[in-house]
Every structure is written in structure tokens, then in C-alpha cells.
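Notes follow once the structure below has been shown.
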Amino acid sequence: MRGDEGMTTVALRINGVEHSVAADGRRTLLEVLRDELGLTGAKRGCNQGVCGACTVLLDGRPVRACLSLAAACAGHEITTVEGLTEGNELTPVQQAFVEHGAVQCGFCTPGMVLTATALLKENPKPNVAEVRTALSGNLCRCSGYRKIVDAVVAAGGAR
Amino acid sequence: MSPYKNQVGQSIPKVDVREKVTGRAAYIADLSRPGMLHGAVLQSPYAHARIKGYDTSKALAVPGVRCVLTGADFTEHFMGAFIKDEGPIAIGKVRYVGEPVAVVAADDERTARRAARLIEVEYEELPAVLTPEEALAPGAPLVHEDLASYVKVFDAKFEGNAFSCTDLSEGDVDKAFAECDVVVEGTYETQAQYHLSLEPCGALAEVDANGRVHLWSANQSVFRVQANVCESLGLPMSKLHSMTPKVGAGFGNKMEAHIQPLVVALALKVQRPVKMILSREEDFEMVRARHPFKIRIRTGARKDGTLLAREVETLLDGGAYADDSPGVLGYSLLMARGPYTIPNTRCFGRVVYTNKMRFGAFRGFGNGQVAFAGEQQIDEIAHRLGIDPLEMRLRNAMRIEEPWFGGQQVNSNGLAECLEKVREKSGWGRRARPSRPGVKVGYGVAACAHISGLLATSAIVRMLEDGSFVLSTGATDIGQGSDTVLTQICADALKVTVDNVVCATPDTDGSPYNWGTTASRVTYTTGRAVAGAAEDVGRQIKEAAAKMLNCPVGDVELRDGGFIGVKGSNTTLPYAAVAGFTHWASGGPIVGSKSLIYDAPTIDPRRAVAIGLPFTRIGVFSFNALVVEVEIDEVTGKATVARAWSAVDVGKAINPRLVEGQIEGGIVQGLGFALTEEMVWDGGRLANPTLMDYKAPGAVDVPYEINSIIVEHPEPDGPFGAKGVGEISLVSVPAAVANAIFDAAGVRLHKLPMTPERVLTAMLGAD
Ligand code: FES
Ligand code: FES
């Protein structure tokens, strides 16, 4: 980024690959992912930590990339939606989103998929209430949430 | 090979769903071009001020800044769907806080934003009008001094700041009121709601060596983008190539222009690609929002519950530019009678300029506001007469053959079935109100109709060399799934599976005209064009096959799975053989097309009088009934919807799961409108332009149990009988919730949103 002083280089491990990126004290993980590394799956919905569209996993836990300073993510394992699968495969969560019609515009989808992935890791068979709570920080303006909740419950295999 | 199934009526996954779950789908912010610059905008700090001058030197001195444009760089060209009153940027004066005053292009976004803040503008503040009442006061300052001379696309009635006034009437209202045994009267108020498409608005423009502009933007119509950019910049349409990436939802805010003209102007000036993506705050402050309504309404009935008369007067805050306001006003008045037999109805409304951001199209298009008022009055009358509110609606429901208010013929009407279905599924007849300590429980019902239709659309279907097909319609899929639905219609009409048809991305160079993804119209209007184009292709396939088989055309038919068969025999030809024949031997490649415009008149002059109505051909009618179960916390006043049952007559569900998605999504957006969402102004400044301060529903705020019930009364000329579903489920929500609050707590709310404070205040007042 031109015109900014105090640039340092940070080593980030993203989707299993080491990247060396330029970051000043203010640069967010979201800016690095989107603008520098071309990982555009994480979306900028609000840039204020409210909508969840920028969600990525940090050591398996969902975090808001728009609030995370890139420099503070060094030494952690970062997973974005691009890193969930290889090639054209889908994870069980992604497959369930396809089958349950949980996607409309899709802008919330990467964040939802990652949040759900983290939930299922911690709680492999969540019920409806647990899924709703886990997704409560991810806004979706299109779906009414019902089909997203159903997809996540189905991906966990509980009912 | 599994046997071929009809493609229409199947819940096929969306054609773009894999792109979206893998994060590969590219939205406007994800696009990039070589040498691309980034744009940023400077917004007005004043609600109303004359611009005396600009000093851009400090901004231009910032390293990395390539260009600054202000109002001084633009000549006066105007855009506007109904009244051409809006330039690409403030010129001469600013009319609302947040209005774009200057724009910058720089090497990166941060630099552009920093530079924009360094532009100095000298203003002379003018008195502002911040409410419709202030704007209508005698001697009020005019927001647009030149309103009279603006180009208008309809016979607008206007005066002062009131830029559109509409009158509609049918029957003898005064006489009918005199015959009523019960008359209820009230005033209602609705708030500004923010669309909150999760994707903020943005655009990317690039100029080629011939001076032609290539533009990608978040949109609901590549053709409206083309028209708005060309009108506001004075460009010939052939110079502007408008395209679409994936769109992160619309709901109305991306139908007309946002920042596309500014981005094109920057690209033309610097001759490099320029991208600008709004921040959430900017998107809040300068795109558009749902109109605040003030509604005075009176409804009368006989003792037996027969509705006789209704009178409605509305006053809409239009904001600083006309945008879609005349349409919203006219349409809301057409809907204000509701889906009932009320032989005597009179409606009058005005929409007024104020010094706030523009208000425009938003899912429901004025219908939800008038339903909030009108559907509460149906309940009040039922209550006064001791009639069950759902029964009251069934008794007065428009009969199947009955015309709409204004006289338009209605050719399919599933209202009664919708009411019966929600009555049955919700257990309405035996509904208990198991009020727990501290919680009051109530049930509410509301019903409505909504159109799908309006204006022109077209489709082209081409057969490729191997017998598969490309479908082009120019309709932007904003997430609702129209690419999938149109593909299903095309595939089914040609008796192939959806994977044999690809839906092309809208592009003004390559796609035939489509007015836009709005007015719940794509399935119905574009679907008709697609079915027509596919039929045209089917006819040509048969002609070519007949030539190949040396038999009369009447002897061949399309067969399931992509074959031509000879009637009464097992002889078949695969489409691939026909495609090969036409491409390489005889006849030429097969291209089918269909163009149409919705043209059934809305007003029958023998029945009704309409003055200043901008839409005179609106569309076909879908119907809806909604029951909600509401719980009210007696301590806080917080109303929560625990369960909902929504039945929608969609004619025919081309893809039932996508229909459910529309119903569920509409209900939840309606719950935000009903209960929590409100844009609040502090003077001329929007006080809550952030998601922290503007409360949209999250997963835990809405019922899990939303029961979507699909009712199918086929529309005679709809594709496979289908009509629209995009907006209707939202319309009934505020009214149904208000009726449930009355059922639970015995209080009537006249103002949206029905916040805990308002509910509690009403409850305390009632005790
Ligand atoms: S963009 Fe990070 S939470 Fe909205
Ligand atoms: S699908 Fe559009 S925001 Fe969730």
C-alpha cells in the first residue's frame, strides 16, 4: 500500500501455505487476504465486525478478518473458504448448503460455511438451537436463515 | 440413464450454487483490471446548501492521486425513472447530507479516501425541509426550483415540493360510508427501512481505445444502468457496455443508479480502469431506502361484516430526488383497497421532496405500508362486530372473477385457498393462548395481493453445434434464483435436462432487452419470453428434422431427453443430429426469440377514475395469507414472532425450494420492518448508518418455524402457469404482527417499528 509508513513484513500461514506480506500496524487480515493475496472469498460487508461476511478461521475458530490485524495473525493457522477443499470437491457443510437451498445471493455464504465448519468440529451433532446460536453473528439478508440452519443441522447428522 | 423428468416443478439446486459455496463467485468488489485505480467520494455535510466553490489542490497533491472531479466538471444532464431530476453528482447545490459532492481516483482505496477528505468545498447553507409537513408548509424552501421544467415520463401532477400526486377512485364513497353500520378511522406511520443488501454498492469502469466504456456494477438491471449512466453523462447508449458480476442481493436498492455514473466519469477522465466500492456507512447514506408513509385511512362495513367503503390518504417522504417514488405512490394506492370486495374506494396520495437521501423501490413497493394500516382496520371491524378476523377476510375476499381496484381483470386468484390453508396449518380454529407468567401470546392474520409484471422483456435461445442450448435474457439474478428458474423453463419447454441449457450472463452488448429484476417480474414476464423463445426453437428443430427425415413437419414431435420422434413410430433423432444438420448442411444455426411487454390496462375508465397514475399497466396478481404467533414480554414489551404460516398463490412453483426461499426471506425482512429496523435522522444527518446501530434480524431473532405453503392457481398466460413471488411474503408481515399484538395485549400500534418501548407504552396506557 503506497503512502503508508511503517510497513513491515509479516509471515502468515494461510490454507497451509506460508505467505510473506507487507503490513503496517493498521492493515487488517481482510485487506491482506482480498487485496494482496487475491483470496476474495472473505467479503467486506461492514468492515466493523458486525455482519460476519468476512469470517475466516484462526486455528479453527471463526474470527472477523475485518477486525483482525494482519500482524497479529502471524504464528496462527488461517483458513479461508478457498482452503476448505481441493479441486472441485465440496465439504459436507458445503454439500448440505447446496442440497438444502441455503444459498441465495451467496454474499454471506463463505462466512456461514466457515462458522458452521467450526461449530461442527466442536459439536459434531448440533441441534437447531445450537446452530442458531452459533450463526447468530453472521447476517443473512436473503434466506430468512431457515434453510441455512437446516443445512448445518443436516451436515451434522442430528435432527 | 434415468428416465427424463419434467424440469419445471423440481427443486433443482441453483445453477450457480457451487460457485457460491466455494467462495469462487465474483462480486463487484472481487473484480480487478490491469492498471486499475480506486475511487472514493466526498459527501455533503449539509442538508441544503449552495456550492460556492471547490479547492481540490490539497487532494491532488497527495501522492498516488490521479484525478479529482467535482460538480464543476459535469454539464447538466439528468436521469430519473419517472422524473429526470438527478445528475451524477451535486451540481450547484447539495440537497441532502451524504450526497456525493466530489470524487477521487487514486492508486489505492486508502489514498483515495484520504484525498477525498482533503477536498475543500465552500458552501452557503440554505434552509432545509426535513419532513413532508415542513416541505408542504406555505413558503417552504424548494428542493428543486426547476421541477416544472424537468422531463417527466408520465402525466405528473405536481406543486411546490410535492412532485407527484395521485387520485384513484371507484364507486360512490360518501354514499357508501353513510350506509355503513361500523366505520373505523385512524392514522398510521411507517419508518424508513434500509435495504441492507449484504453486498454494498460498487462499480468498475474501463474505457477502451475507441472510447467505449465497459462497466461492471452491482445492479438489478444492466439496461437500467446503461440508461442511467448515459442519461446523466450525456453519452450515446452504444458507447456504454454494461455487464454484471454476481450480485450480493438487491431488494430494490440496485435497480436504479447508485455510483455507476461517477465511476464512469472518473474512468473517462483518467483513461484507466476505476473501481469504487461504497463503505457500509456510505451505502446507508447515499443509495436509497424504503419510503416513510403517513396514512389516514377509514373503512366501513355493514353489521354482517360486508365491507362497503374505504378511503385512504397517504403522504410519502420522497427525499431529495424522485427516483422510483411516483411509482411507489401510485402502486401503493392501487393496493390500498386490499384483496377484498370493497365496491367504493377513494385514494389520494402525495410524495414530497425533502432534504434527505432519496427513497425508492424496496421489496413491497409501498404495499407493506398501506397493508399495515388497511389490514389492521379489517381486524378492528371484525373485532367490533364479533366476527373471527380470518373469517372476516374469507367473507370479503375478492371473488375469483372479480376485477382489481381500478377495473383490471384478475385471471387467477388463490386468495381464499391461501386463507383456508393458513387457517388449517396454523390450527387457527383451536389456537390456544397459553400465556405464561410474564408472557402474553396472540395470533394475527393478514392477507394481501401483489403484482408481477411491468414493461418489456425478451429472450433468445440458441442451439449449439452439439444440440445443447444457450439462453440469453438480460435478467440479472440477484440471488433469488432467476437464472435457475429460467433455465428450468427453457429446458422443460425443449424436453431436455437443465444441464443441457446454459443461462448467459446479462450484458447489454449480448443480451436482449430486459427492464430489470424488480416488480417480482422475472419468473412471470421473462419466463413467458423464455417459453416463447424455446417454443420458437422447438418449431425450428421440428422443421429441420422433417427435412432430414423427408416427412411432413406435422409428423414429428419433441421427445423427452432431447430427441425428435416420428409420431406413431420408434424412429428418433437426437438433437445433436439436428444441430449438426443445421450448422453444416441446411437451414443454418437455430436461433429462437420472443419479445413482449406487459400491456393489460390497469384502469377501466368505465369503473374508475385515475389521475396522475404513473403505471397504467401493472401486471398479474399473486395472493398471500399469513398467520403469526407472537409472544410479548410483559416486562420489556418486546414482541417476538414464535411461529409463522405463510401461504402464497404463485400460480405454479417452477422450483418449489426457491419459492420457499423467497417466502422465508421476505418474512424475515418483513419482521425487521415490523419490529426493529428504523433509520433515524438527527436533523439532516442519518444518526445510525452502521450495523451496530441499525438492528436487522439475526438467526436467533426470527422464528425457526416459518411454514411456507405453496398454493397454485395457474395464471393463464404465465410460463407453465407461474406468477411472481419475490416481494409478496413481506407485505403482510407488519400487519399480521400488529394484529397478533392486539390479540395478545389488546393494544393497537399505529407506528412502525413496533419496538419494545412502543408496545410497552401502549400496554401501560391500556391498563
Ligand atoms: S465485514 Fe467483517 S464483520 Fe462485516
Ligand atoms: S444469501 Fe444473501 S445475504 Fe445470505
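So you know, we letter chains A, B, ... as the sequences are listed, proteins then strands, and number each from 1.
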Which of these passes side-chain hydrogen bond (donor to acceptor under 3.5 Å, both in side chains) with B:Glu664: A:Lys147, A:Gln104, A:Arg146?
A:Lys147
Side chain, backbone, both or neither: which part of [X] has an atom under 4.5 Å from a heavy atom of chain A?
X	answer
B:Leu278	backbone
B:Ser32	neither
B:Ile667	neither
B:Val247	backbone
B:Lys14	side chain
B:Ala696	both

Evaluate B:Arg110 against A:Asp24 for salt bridge (Lys or Arg N to Asp or Glu O under 4.0 Å), listing each step before the verdict.
CA-CA 13 Å; B:Arg110 253 195 227 177; A:Asp24 65 6; 3.2 Å; yes
[X] portion near chain B, given a 4.5 angstrom heavy-atom threshold:
X	value
A:Leu84	neither
A:Tyr145	side chain
A:Lys43	side chain

Hey, are B:Glu109 and A:Arg34 close enough for a salt bridge, meaning a charged N less than 4.0 Å from a carboxylate O?
no
Can you measure from NZ (B:Lys20) to SG (A:Cys105) and round to the nearest 0.5 angstrom?
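Reported value, rounded in 0.5 Å steps: 6.5 Å.
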